[in-house]
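The structure appears right after this line, and notes come after that.
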2 protein chains.
Amino acid sequence: MVRYQFGGESELSNAPMSMSLLGKLQRDILTGKYRPGQKLTEQNLCKEYGVSRTPIREALRQLETDGLVENILNRGCFVIGFSEQDYEDLFDLRKAYEIQAVKWAIDRITDDEMDRLEETFEFMEFYTMRGDLDKMLVINAGFHQVIYEAAHNRMLQKTLTSYQTFLRYQGMNMVYGPDYLTTVLEEHRAIFKAFTDHDPKAGAEAMERHINRAKERRCG
Amino acid sequence: MVRYQFGGESELSNAPMSMSLLGKLQRDILTGKYRPGQKLTEQNLCKEYGVSRTPIREALRQLETDGLVENILNRGCFVIGFSEQDYEDLFDLRKAYEIQAVKWAIDRITDDEMDRLEETFEFMEFYTMRGDLDKMLVINAGFHQVIYEAAHNRMLQKTLTSYQTFLRYQGMNMVYGPDYLTTVLEEHRAIFKAFTDHDPKAGAEAMERHINRAKERRCG
DNA sequence: GACCGTATAATTGTATACAGAAATACAATT
DNA sequence: AATTGTATTTCTGTATACAATTATACGGTC
């Protein structure tokens, strides 16, 4: 049995069913509810999310490590702003890791993971055929997630998952062209083929093309 | 006036003079005081570091985000173990980012940063001449830090700094060969030359060689 | 002796209380 | 009007208290 977990609601580990406080804060920062430079007062966040200061502070510390807020001693947390350059750069950082991920994944993937990758790709074909953009965006993220897992490196997985979260909320404002679905499908097909061919080099090249075009499209 | 901050005691932002709790925990995990799989009980850490649970918990959350511990809901924090493969992989992840860093840095470096890079390199030459390994290791980290800063990308800088911390504590157990100093100096000279030549491609190649050899040497 | 259920203890998650620092308001002074 | 010094308030940093969950110990049953 293969389970899918594309919803994005549960953040890998400790998520008590509903969206975690950390996830909510990530969302609200990345979607612009809190503006760059804005001070996040703990009291206000307590009221906003209906919890006490302790969990708020712990979430803020994680956001600090994630690089979404800056904590200045005795003065509080401030939302970090991202320039256009930062967003562009993110594609290059992601590209470097995605290429490494696919190379490792093709070498290290287990049979079970290969089954999941195949099934995920078949879902991509299905939803492309149906023209279901929303489902496609979710499956798209899932396809990459399987690769991250198959790379069998915790740090890589954490970092790329974090980038995905980042781009997911960014992508919510994007406009998707008419042939987005078919184009992206073919890009993923090339990547998937590299897995069936056990060809890390081809995988790296296909992934590089994929991310380069994603950068041009300015969406995942 | 150019100030150096190589000591590694102060972690960029909020470090109240002495080593921060987070830094101590990082050190004690990475140097093996706490073993992989070991449970970090909050009470014990309180006694160990002489603070209450609140700051301990906040530090643990940051360590979780950093990937040094795993937090299981209602069960506590456990030290994450790193395999030989993980350590090898880390060089590849670092390589990907260091190459990107040097390419951006050569494009984006300010005059002030260039002065600091030059001065740092001159210190490297001096300490190599003197055969001062300890100082050299510190300056080595500093040289890369200047590059990270010159790349002008917060995420890149955070990630690479974190890798440096990781490898620094690892490197403490390493044995350095007799020509380590001169070899490393020449590798850095090639990188530095790429900056004076404003040649990102050459910089990337020099950096790739540097990290590849570092991987062979199994130290910074 | 192995297994299971309950009671107890220990530990985590959350809320609150208190101390110290920073921001603010405001009066006095130039 | 601008500035400085002080008092007040607000907020962060830390410690502690309480609630919920998990781990442990122990006794009963097979």
Side-chain angles (χ1 to χ4, degrees), chain A residues 9-29 33-81, chain B residues 9-29 33-81:
Chain A
E9 290 297 293
S10 71
E11 296 289 334
L12 280 164
S13 54
N14 52 334
M17 293 311 288
S18 67
M19 198 177 193
S20 69
L21 178 63
L22 179 63
K24 286 181 195 166
L25 279 164
Q26 281 179 333
R27 179 197 59 195
D28 292 341
I29 289 173
K33 176 172 176 179
Y34 305 118
R35 294 281 159 195
Q38 181 176 345
K39 180 174 177 185
L40 298 177
T41 307
E42 293 172 9
Q43 291 279 358
N44 294 346
L45 298 177
C46 289
K47 281 182 238 165
E48 186 68 29
Y49 300 98
V51 292
S52 74
R53 282 180 62 208
T54 308
I56 290 285
R57 283 178 63 87
E58 289 177 8
L60 286 175
R61 282 287 142 74
Q62 294 188 278
L63 291 172
E64 186 192 3
T65 309
D66 274 343
L68 288 181
V69 304
E70 185 182 8
N71 193 340
I72 300 177
L73 190 67
N74 284 323
R75 292 194 49 191
C77 275
F78 299 84
V79 178
I80 286 183
Chain B
E9 290 297 295
S10 71
E11 296 289 334
L12 278 164
S13 53
N14 51 335
M17 294 311 287
S18 65
M19 199 178 192
S20 70
L21 178 63
L22 180 64
K24 286 181 195 165
L25 279 164
Q26 281 180 333
R27 179 197 58 195
D28 291 343
I29 289 173
K33 177 173 176 179
Y34 304 119
R35 295 280 159 195
Q38 180 176 347
K39 180 173 176 187
L40 298 177
T41 308
E42 293 172 9
Q43 292 278 358
N44 294 347
L45 297 179
C46 289
K47 280 181 238 163
E48 185 68 29
Y49 300 99
V51 291
S52 75
R53 282 180 62 210
T54 309
I56 290 286
R57 283 179 64 86
E58 290 177 8
L60 286 175
R61 283 292 145 80
Q62 294 189 277
L63 291 172
E64 186 191 4
T65 310
D66 273 343
L68 287 181
V69 304
E70 187 183 8
N71 193 342
I72 301 178
L73 190 67
N74 285 322
R75 292 193 49 191
C77 275
F78 299 84
V79 178
I80 288 183

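In what follows, chains carry the letters A, B, and so on, assigned in the order in which the sequence lines appear, proteins first and then strands, with residues in each chain numbered from 1.
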Take atom [atom1] of [X] and atom [atom2] of [N], then tell me their distance rounded to the nearest Å.
X	N	atom1	atom2	answer
Leu22(B)	dG13(D)	CG	C1'	16 Å
Ile72(B)	dT22(D)	CD1	P	12 Å
Leu21(A)	dG13(C)	CG	P	14 Å

Testing the basics here: between [X] and [Y], what is the closest heavy-atom pair and its distance to 0.1 Å?
X	Y	value
Lys24(A)	Met19(A)	CE-O, 3.5 Å
Arg35(B)	Val79(B)	O-CB, 3.3 Å
Cys46(B)	Ser52(B)	SG-C, 3.6 Å
Ala59(A)	Leu21(A)	CB-CD2, 4.1 Å
Leu68(A)	Gln26(A)	CD1-CG, 4.0 Å
Val69(B)	Leu40(B)	CG1-CD1, 3.9 Å

Worksheet item: So, Arg61(A) and Glu64(A), do they make that salt bridge, N to O below 4.0 Å?
Response: yes

Worksheet item: Under a cut-off of 3.5 Å for both distances of each Watson-Crick or G-U pair, what dot-bracket string does DNA chain C give, using [ ] for crossing pairs and | for inter-strand pairs?
Response: ||||||||||||||||||||||||||||||

Worksheet item: So, Lys33(A) side chain and Arg27(A) main chain: donor-acceptor pair closer than 3.5 Å or not?
Response: no

Worksheet item: Say you draw a straight line from CD of Gln62(A) to OG1 of Thr65(B); how long is it, rounded to the nearest 0.5 Å?
Response: 4.0 Å

Discussion item. If you take any heavy atom closer than 4.0 Å to DNA chain D, which residues from residues 40-49 of chain A end up in contact?
Written reply: Leu40(A), Thr41(A), Glu42(A)

Worksheet, complete the sentence: Given protein heavy atoms under 4.0 Å, the one-letter contact record of nucleotides 14-24 of chain C, with B base, S sugar-phosphate only and - none, is simply BBBB---SSS-

Worksheet item: Taking atom types as modelled and ignoring hydrogens, do the side chains of Asn44(A) and Tyr34(A) form a donor-acceptor contact shorter than 3.5 angstrom?
Response: no

